[in-house]
Structures are given as structure tokens and as C-alpha cells.
4 protein chains.
Amino acid sequence: MARTERESELLAITLQLLQKHGYEGLTVDEVAAIAHASKATVYRRWPTKAELVLAAFIEGVSEDAEPPETGSLREDLIVIGDLVCAQTRQHAGTMRAVLGEVSRNAALSEAMQRQLVDQRRRMMRKVFKQAIDRGEVRAGDVDSELWDLLPGYLIFRAVVQNRPATRRTVRALVDDVILPSLIR
Amino acid sequence: MARTERESELLAITLQLLQKHGYEGLTVDEVAAIAHASKATVYRRWPTKAELVLAAFIEGVSEDAEPPETGSLREDLIVIGDLVCAQTRQHAGTMRAVLGEVSRNAALSEAMQRQLVDQRRRMMRKVFKQAIDRGEVRAGDVDSELWDLLPGYLIFRAVVQNRPATRRTVRALVDDVILPSLIR
Amino acid sequence: MARTERESELLAITLQLLQKHGYEGLTVDEVAAIAHASKATVYRRWPTKAELVLAAFIEGVSEDAEPPETGSLREDLIVIGDLVCAQTRQHAGTMRAVLGEVSRNAALSEAMQRQLVDQRRRMMRKVFKQAIDRGEVRAGDVDSELWDLLPGYLIFRAVVQNRPATRRTVRALVDDVILPSLIR
Amino acid sequence: MARTERESELLAITLQLLQKHGYEGLTVDEVAAIAHASKATVYRRWPTKAELVLAAFIEGVSEDAEPPETGSLREDLIVIGDLVCAQTRQHAGTMRAVLGEVSRNAALSEAMQRQLVDQRRRMMRKVFKQAIDRGEVRAGDVDSELWDLLPGYLIFRAVVQNRPATRRTVRALVDDVILPSLIR
DNA sequence: TCATAAGCGAGACGGTACGTCGTGTCTTACG
DNA sequence: CGTAAGACACGACGTACCGTCTCGCTTATGA
């Protein structure tokens, strides 16, 4: 997936226009015009507008952050929460724009899940494993069904509610909900 | 917001085609043709395709369900959770389609919030109030910031993750997370 | 064909809008709106836009002028020529607007001919008859095929050429062309 | 004004449909459909229906005929008259359709004048000049104001009267009116 | 005096053309 | 050969107009 400079430029322009106009408002003509490229140059790489947009979205959003290692589960969760907050605050519009296409295109949907969900899942797993290793919580206490409650609710707030969570929200969520549910 | 029969018919057709073709695939011409209506008849009421779709979505989704009164907070929450599950399972595609427009149109955004969020908020408030009146939980235990954690996470699962929650998920969420956070 | 006041008002408005916007640019809605009338009120009297326009045209254009009796054929012809000049100068736009419809509607075509052509034909006939009676020209010299050469050319200039004839044109036509062709 | 093949094809189809349905009955969609062309392809060249129709009319009508050189003014005039008769007989409906637009569009009006009038004017001038050179008429006898009396009256008959002139009419006009006015 | 009707203003409606614009394909000419 | 430029077929969008229709309101006559 090594991008040429040209490809990265096209994706960057696409992402920018996507944030500006939304999925419907984005036009391939405008992407090409701004890049001083031919439409054929765009379509040669991404055969539909939807794939172009998804590629731009993935390129722009996925920053492979390392899982935190603060030595405390609470601190780790808060770091993750704040990170998700910042990310979703920045990319909420883009995510909304892309979501509409996800329903109808299995490839897009899968790519999106892999890029966004799996990355976060790995991070959460590692943090919990560290906490178990440290003896902070018992292994059985972590319900695998709800591992993404923290990022999930934060994303819901930003993307669906259009009311992004604050640092206060993150702390309330971790202290009053997540932690009590583990060390019950 | 009293709908005439004609309006309801148009919205019903729109919702049906929306679920069938998605937002992009839906055409106002087809809506009009199926309803044996003129395009002008549609555009007179909803001046753009986006507003038509949002109206159809709201009409289709907002079934003013009464808050449950099972006599137990746990049962009430599970009823609500199952209801949200069923609703989102049915309308996830439509919600994704509509979300893209929400970014760009404050009126749509507000309408969506009022219709969907406020309705749920009222339901949750009433259920908690009943529980407080019964002495199940103390008033201070209910953090108003997180009142929508239950529906929010369920919606996240359906809309963003495309992996709708099950009845098991709802029960785990209520028993292992929500309730412990209240009676801590 | 006794017009009520309401009918005359509608036709006057129609004629005015016809001159302003042309046939295509004229809308029945606008006629009705200006007259504070319902469209049904218009359509009850003239079942199509074309018939409304033709009626307005006839009403507005046909002024039944009396044939001149100056005692001299030359003077009579010049009076007629000047009259036609004035009429066509005023109604050229309207005539152009109406002509397009004439091709396609036999009734309109016939009505237009009767109103405009026959009226002039009668006038010319009478003038020539008077000249014959006075002995100015011999009966055989008047070629019935070309009786409308004078008004015809003047109308051509105004309607087709968009270059209305002047009083000088009329005199040249009468003195240098029409009269020489008669008293040859 | 070099037309591509595509453009000529579109204009030919337009002219054909124009004669078939008239101006109002002609639709750009049908032109495009018959030509297997996109509407955008039509509108790229002629930005409105009116301009398309005028272009088709000019293309169809302006056959750059050479001025006749029969060696006799009378014969030259009759050739021209018969030519105008044939042309107007064929294109009367189209001319009527186009005239309505002429009022409202100076560019169209000018184009029409240049294409149709100037062409004929050149022809008449040349024919008269030849006659003067031959000594048939004296230079002063040709009144420049009325040079278009012959074609003008013939066009009037076809377009306004809807009663096209015959070969007999042409001969009467030339022999009894035009020539007498010159050699008076 | 009142009701039954007839005409009216207002404007929604079905149908359909207009002119615009975006997608994805394709051609041409340049480097 | 890849590219920039942009024409092209297709088809949806949103607007506007025609001619029909329904709805109340007014007025005008006849019982």
C-alpha cells in the first residue's frame, strides 16, 4: 500500500474536500481540478468515488498510536479516552460522510472496521492485559462483549449526537462506570 | 406536524426506497412516480432530497413508545435496551444515510436530535425517577452526563460498527455496567 | 363577441405581457395574478394559452378604421400606408409572437387572416374602386393578385426585417412603384 | 463557423423535429435522444433551446446560391423570385417559429438579418449592377430603399399570410410592378 | 327570509420540459 | 506509455409552466 506522492496528494485533497462539502458535495472533478490532474488519473487508481473517499478517509484518520503504559489502568483508560475524544472531534464530519456509503459496500465496510475498530481493540486488549498482569483486575471480570464501551460511547457522542464528549465525560465514564464494573 | 394522508404516503414510499436503494440510489423521480405524484408535489413540501429523506426517517423511526413501568429498574432498562436494539437494527442504514446530511444542515441536525434523542432522554429520565421514588437508587447516583450510555452504545454498535447488539449484550450492559455504577 | 369588463381586462393584461415577454415568456399564471383572478377564470373563457393570446391579439390590434376618401388615389394609398406603418410599428412584436402559433392551429390562422387581412383587403378594394369610378385608372389595370403589395411589404419590413418603414418609404413605394404599375 | 459532423447532425435533427412539431412542440430531450447524444452535448454548443433552433434554421436555410446571370434583368429577377418562393415555401413554419425569439434576442436578430437579408441583398445588388452595365436600366432608377420589395413581398405571403406566392405571382410582380418602376 | 346554486380567488395537483451538474468512460495530444 | 485536458452518454436534480381540479367564500335569485 505504498503510496506515491501523487496518490497521497490526491487523497489529501479528497479528505479536505470531504470535510468541507460532505460525501454528496464532494466531486471527483473538483479533486482532479485542484490537483491539476485528469479525472482519468483519479479513476485509474480508485474506480469509484466511494473507493476514493474511503481511501482518503483511511489514509487521513488512521494514526497508529501506541497503547499507553502509565502503570495504572485508570490512567491508561483516560489516556485512551482523551485520544478517542480528540480524534473523533476532528473527524466526526468525515466519519458521518463515509458511514452512509458503508452500508452499501461490503469492502468499504470491512476496510473501515479493520482500520478503526481493530486498532482500538488491540489497544484496549493490551491495556487490560497489563492490568491483569499487575493484578489490578481479575481476568474473568473483563467482559469481551463490552470491551469497546468506552470508545464506542465517545464515538456515538461525536458522530451521532454531534455533541462531542469532554475530558470530564471521559473521567466520569472511567471512574463511575468502567472501573466499578470491573472491580465489583 | 399533522401530516396529511398524501404526505404520509410520500414519506412511507421514500422510507421504503431509502431502505432498498440507500441515500444515493434513491431518486425523487421514483418516489413521485410510485406515488403517482408530480415532482412539484414532493418539492413543495420538502425542498430538497435531503429534507425529504430526513422527514421520512423521522416519520418512520419516531414511534412514540411509552416508558416502561415494570416496577423494577433492571427490567425497565432491559425493555428500553431491547427496544433500541430492535429500532436500530431496522433503521441503521437509514440513520447512516441521514447522518451525512446532518453535518451540513443545522435544521436537520436539530430536528434529528429533538426527535430521537429527546424522546429517549425523556424515557430514561422517567424510568430513573420511578426507581428513585421506589428507593432503588439514590437521586445523586444518576450522573446526568451519562444518561444515554445505554442507548448510545447500542446505537454505536448498530450504526458505526455495523454489528448490532443482541439481547445478551443488553443484559450484560445493564447487569454488569449500568446497575453497578448506580448502586456503588 | 360582447366582452364583459373582466374579459377585456384579462385580454389587455395578456396583450401587455405578450409585448413584454413574447409568446413563450408569457405565462397564464402571471396574467391571472396581475388580474387578481384565478387561473380557472381564465381557462373557463379561453381553453388554451394559444387561444387566449390570439384573442388578446385580435382585441388589441384590430381597429376597424374607415377607408380614406381623399379624392385622390395617391393620397388614399399614402394614408393607408402611413396607417399600416403606425400599426405594425406598434404591434410587430406581438405579431411575431403570435405567428409562431399560427402554423399549428388552423382556427387561429383563419381568425388572424380574417381580422387582419380581410380588413385591409376591403379597404384597398374600396380605394381602388373609387379611383376607377373617378376614372383615375382603368379597371383592368388592377391586378388582383398584388392588391396587398403595399401593406404586405410594409408588414414584412416591420415584422420580418425588424426595420419598420418610414413615411419616406411609403411615398417612394406609392409614387415610384404602385402608381407607375397602374397607369402604365 | 465550421461545423463538426456531430454539430451538423444535431442541427439537422433539430430542423426536422422543428418542422414536425413546431417550436413549442420541439424538445431538446428528443433531439438528444434521436442523435444518441447527451443533453449536455447539445447545451454545450447552444445554451438554450432558442439558440439551438435558430442555429438549425440558419444552417438549413442559408444555401449560398450564386446570383443568376441570364443576361436579362427580367430573367434574373424571375430566377431569384422563384428561388425565394421555393425557400419560403419550405421554411415558412420555421421562420415563424424563430421570429418570436428574434424580438427578444438582439444577437439572434442580427444573425438572422445577416444570414438571410444580406445574402439576398448581395444577390439583388449584383443583378441590378449587371443590368446597369448592360444598359438595361439607368443607375439612378434603382431606389435603394426598395431593393427588397421582390423577396420581401414573397416572404410576407409565405410567412405572414400563410398563402405562398406562385410562379404566376412572381411573373406578375416582375413584369407589372418591378420592371415598370425602373424603366419609367 | 333563507337556501340553493353559480361564479369566483386561491392554489394544490399530475405531467412534463427546461437547463444544470456529477459520474465514469473515452479520445486526443503532449512529453 | 502515462498524463492533462476535456468531450461524451447517461441520468438525477430542482424549477417552472400548462391545464385540471377541489375548496371555501361571496353573491344573486327563487321559494
Visitor: Please give, in whole Å, the distance from F:dG6 P to D:Arg6 CZ?
Guide: 20 Å
Visitor: Check this one for me: any side-chain N or O of A:Arg45 less than 4.0 Å away from OP1 or OP2 of F:dT3?
Guide: yes
Visitor: With a 4.5 Å heavy-atom cut-off, do D:Trp46 and D:Thr14 have their side chains touching?
Guide: no
Visitor: At 4.0 Å (heavy atoms only), tell me whether B:Lys49 reaches a base, stays on the sugar-phosphate, or touches nothing.
Guide: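 Sugar-phosphate: the residue B:Lys49, judged by heavy atoms under 4.0 Å, touches backbone atoms but no base.
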Visitor: In whole angstrom, give the distance that lies between atom CG of D:Leu52 and atom C1' of E:dT20.
Guide: 17 Å
Visitor: With a 3.5 Å cut-off and heavy atoms only, can you find an N or O donor on one side and an acceptor on the other between the side chain of B:Thr41 and the base of E:dC13?
Guide: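 Side chain to base: no pair below 3.5 Å.
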Visitor: Give the minimum heavy-atom separation between C:Phe57 and C:Leu15, together with the two atoms involved.
Guide: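 Closest pair (atom of C:Phe57, atom of C:Leu15, distance): CA-CD1, 4.0 Å.
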Visitor: Tell me the interatomic distance from A:His21, atom NE2, to E:dG22, atom P, rounded to whole angstroms.
Guide: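 Between P of E:dG22 and NE2 of A:His21: 10 Å.
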Visitor: Whole Å only: how far is the CG atom of C:Asp29 from the C1' atom of F:dC18?
Guide: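 That distance rounds to 8 Å.
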Visitor: Starting at the 5' end of DNA chain E and moving along, which residue's nearest nucleotide shows up first, D:Ala50 or B:His36?
Guide: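 Checking each residue's closest nucleotide, the 5'-ward one belongs to B:His36.
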Visitor: Looking at E:dT16, E:dG19, E:dC8, which one has an atom nearest to any side-chain atom of B:Ser38?
Guide: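 Comparing E:dT16, E:dG19, E:dC8 against the side chain of B:Ser38, the answer is E:dT16.
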Visitor: When you measure only distances, ignoring hydrogens and angles, does the side chain of C:Lys39 come within 3.5 Å of the base of E:dG11 through a donor and an acceptor?
Guide: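 Counting by modelled atom types and ignoring angles, no donor-acceptor contact under 3.5 Å is found here.
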Visitor: Side chain of C:Ala40: nearest nucleotide among F:dC13, F:dC21, E:dC8?
Guide: F:dC21
Visitor: Once you round it to whole Å, what is the distance between P of E:dC21 and CD of A:Glu30?
Guide: 13 Å
Visitor: Looking at A:His21 and A:Leu26, what are the two nearest heavy atoms and their distance?
Guide: CB-N, 3.9 Å
Visitor: Atom CH2 of C:Trp46 to atom P of F:dG19: distance rounded to whole Å?
Guide: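 To the nearest whole Å, that distance equals 14 Å.
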Visitor: Can you tell me how far the OG1 atom of B:Thr48 sits from the OH atom of B:Tyr43, to the nearest 0.5 Å?
Guide: 8.0 Å
Visitor: Which atoms form the tightest heavy-atom contact between A:Ala55 and A:Leu11, and what is the distance?
Guide: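 Closest heavy-atom pair between A:Ala55 and A:Leu11: CB-CD2, 3.8 Å.
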Visitor: In this structure, how many angstroms lie between the P atom of F:dA4 and the OH atom of A:Tyr43, rounded?
Guide: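 A:Tyr43 atom OH is separated from F:dA4 atom P by 15 Å.
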Visitor: Rounded off to whole Å, could you give me the CG-to-C1' distance for the C:Leu26 and F:dA16 pair?
Guide: 14 Å
Visitor: Look at the side chain of B:Thr27 against the base of F:dA12 and say whether a donor-acceptor pair falls under 3.5 Å; ignore hydrogens and angles.
Guide: no
Visitor: Is D:Ala37 touching bases, backbone alone, or none of the nucleic acid, heavy atoms closer than 4.0 Å?
Guide: sugar-phosphate
Visitor: State whether C:Arg44 places a side-chain N or O below 4.0 Å from either non-bridging phosphate oxygen (OP1 or OP2) of E:dG7.
Guide: no
